[in-house]
Number of protein chains: 2
Amino acid sequence: MFLSKSFGYALRGVLYIALVDKEGRKVQLDEIAEKLSVPRHFLAKIMKMMVKEGILSSTKGPYGGFYLNEVTLKTKLIQLVKITDGVEQFNICVLSLRKCNSKNPCPLHFQMLKLRDGMLAEFSAKKLGDLLDEKNPDFIKTISTIA
Amino acid sequence: MFLSKSFGYALRGVLYIALVDKEGRKVQLDEIAEKLSVPRHFLAKIMKMMVKEGILSSTKGPYGGFYLNEVTLKTKLIQLVKITDGVEQFNICVLSLRKCNSKNPCPLHFQMLKLRDGMLAEFSAKKLGDLLDEKNPDFIKTISTIA
DNA sequence: CCCATAAAAGACATTGATATCTTTTTAATA
DNA sequence: TATTAAAAAGATATCAATGTCTTTTATGGG
Ligand code: FES
Ligand code: FES
């Protein structure tokens, strides 16, 4: 609705890695792309960004792949937005006018503000780990079924 | 943030027309485009859509222009979204997965649902007329100042 | 009836997000 | 150290949203 596809790919990618992490193995790009039905090369770009930002780890070479690190599951959703879309997302005027602020509100400003702050609060509170439903054997489906 | 620029242009265009309507005159495209700093031809396309949908009127030729009709100010915001972006906007999964529904929720579904329903409620309740602050002499500024 | 004006219509251009492909670097292990 | 697997890097392609330009149609006034 307002987050980019990149954000969705990133989130789903991490969650998938977290799932197989329980089996104690790394995951390679091809596997993630295939299981999630996501374009391989585009996903590569996004995974790379997360690695660079440190919320995920990877090793190259044979038996390489992506894997969780200490911070992965503690990472806030807002952090992921920051990486893929930029937090400005949360401070853009709904009418594409000036930077949104209450001193100089557009006609929809106050209607939007409450809703947007709610969203921001959610994203600032929730961690990646909170989204992982380890009890649900079909969890994989909830991140892989497309349109 | 999640509504297109088209929506913003449409809304601002109508509000501008409503403002000068008090002076009892029609408004021509050039004037709206200039006052709102919006690309002329693109605005034309959007105004045309609103006319076709009947929430705004226009006449061609000399002394022609756009003007309010009986339904304009009673039009709900959601109706405007329908015209410019389509209401599906409000039913898209935030992760670009399947069509969003609670039977088959993505990991962010329930976090988003409440917020989105709030937004939908707002847009279904508010009318264009509700946004018009006729008491504010600087209202024009609140719809014209860009980024 | 003719002219000028302005909206309607639609062809065309630009841009940014998304997606693909190719080359380079790194790392395991034989 | 040679081989090879896989991520990193970056060049290129596609597509939809946004924006521009040109032609057509309708209208009012002379
Ligand atoms: S100024 Fe428009 S949403 Fe805040
Ligand atoms: S299924 Fe993803 S937001 Fe509802």
Side-chain angles (χ1 to χ4, degrees), chain A residues 1-14 17 25-34 36-69 81 83-86 88-89 92 95-96 146-147, chain B residues 1-10 12-14 17 25-34 36-54 56-67 69 81 83-86 88-89 92 95-97 146-147:
Chain A
M1 175 156 101
F2 77 97
L3 293 167
S4 70
K5 289 191 183 178
S6 297
F7 171 81
Y9 293 162
L11 178 59
R12 293 161 62 203
V14 173
I17 296 169
R25 62 180 176 92
K26 298 194 193 72
V27 198
Q28 293 177 359
L29 187 64
D30 284 321
E31 176 177 340
I32 310 174
E34 188 190 351
L36 302 186
S37 306
V38 158
R40 183 183 186 284
H41 294 283
F42 194 50
L43 181 63
K45 200 173 283 187
I46 292 159
M47 301 300 281
K48 185 174 53 183
M49 292 193 292
M50 291 195 286
V51 170
K52 185 175 285 178
E53 295 293 326
I55 71 169
L56 196 63
S57 295
S58 71
T59 56
K60 298 180 177 182
Y63 302 93
F66 297 91
Y67 55 96
L68 304 187
N69 63 29
V81 176
I83 292 172
T84 56
D85 299 4
E88 317 80 83
Q89 281 301 321
I92 289 176
L95 296 185
S96 319
I146 292 261
Chain B
M1 170 156 103
F2 77 98
L3 294 167
S4 70
K5 289 191 182 179
S6 295
F7 171 82
Y9 293 163
R12 292 162 63 203
V14 173
I17 296 169
R25 63 179 174 92
K26 299 194 191 72
V27 198
Q28 296 180 359
L29 187 64
D30 284 322
E31 177 178 337
I32 310 175
E34 190 191 351
L36 302 185
S37 306
V38 158
R40 185 185 184 285
H41 294 283
F42 194 50
L43 181 62
K45 198 173 285 186
I46 292 159
M47 301 300 283
K48 186 174 53 186
M49 292 193 292
M50 292 195 285
V51 170
K52 184 175 283 176
E53 295 294 327
L56 196 62
S57 296
S58 70
T59 56
K60 297 179 177 183
Y63 302 93
F66 297 91
Y67 55 96
N69 63 28
V81 175
I83 292 172
T84 56
D85 299 5
E88 320 81 63
Q89 280 301 319
I92 290 175
L95 296 185
S96 320
L97 292 171
I146 293 262

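Note on naming: letters A, B, ... go to the chains in the order of the sequence lines (proteins, then strands), and numbering restarts at 1 for each one. Scope of the values below: all heavy atoms of this structure, side chains included, with no hydrogens, waters or symmetry mates.
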* To do: Rounded to the nearest angstrom, tell me the gap between atom NE2 in A/His41 and atom P in D/dA7.
  => 12 Å

* To do: Quickly work out the A/Asp30 CG to D/dA5 P distance and round it to whole Å.
  => 12 Å

* From B/Thr84 atom OG1 to B/Leu3 atom CG, the distance as rounded to the nearest 0.5 Å -> 7.0 Å

* Structure fact -> On DNA chain C, more 5' by nearest nucleotide between A/Gly61 and A/Val38 is A/Val38

* What integer distance in Å separates A/Leu43:CG from D/dA8:P? -> 11 Å

* **Gap between atoms CG and P, on A/Leu56 and D/dA7 respectively (whole Å)** => 11 Å

* **Pairwise side-chain contact, A/Leu68 with A/Ile17, heavy-atom cut-off 4.5 Å (strictly under)** => yes

* Asked: Would you say B/Ile83 and B/Phe7 make side-chain contact, with heavy atoms under 4.5 Å?
  -> no

* Asked: Within the structure shown, what part of the strands sits under 4.0 Å from A/Lys48 by heavy-atom distance: base, sugar-phosphate, or nothing?
  -> base

* Whole-Å distance between C/dA17 C1' and A/Leu3 CG? -> 14 Å

* To the nearest Å, how far apart are A/Lys26 NZ and D/dA5 P? -> 16 Å

* Of all the choices, C/dT20, C/dA8, D/dA8, which nucleotide is nearest to the side chain of A/Lys45 once you look at every atom? -> C/dT20

* Asked: Counting any heavy atom closer than 4.0 Å, what does A/Phe7 reach on the DNA or RNA strands: base, sugar-phosphate only, or nothing?
  -> nothing

* Between B/Ser6 and A/Ala44, who's closer to the 5' end of DNA chain D by nearest nucleotide? -> A/Ala44

* Report the distance from atom NZ of B/Lys52 to atom P of C/dA7, rounded to the nearest whole Å. => 16 Å

* Asked: Are any of A/Tyr9's side-chain N or O atoms less than 4.0 Å away from OP1 or OP2 of C/dA19?
  -> yes

* Along DNA chain C (nearest heavy atom to each residue), the more 5'-positioned of B/Ser58 and A/Pro62 -> B/Ser58

* Asked: When the distance from CG of A/Leu29 to C1' of C/dA19 is rounded to whole Å, what number comes out?
  -> 13 Å

* Any donor-acceptor pair under 3.5 Å linking the side chain of A/Asp85 with the backbone of A/Ser4? -> yes

* Structure fact -> Ranking C/dT25, C/dA19, D/dG19 by distance to the side chain of B/Phe42, first place goes to D/dG19

Atom pairs and distances, donor-acceptor, side-chain atoms in residues 48-61 of chain A, under 3.5 Å, two or more places apart:
residue, atom, partner, partner atom, Å
A/Ser57, OG, A/Asn69, ND2, 3.1

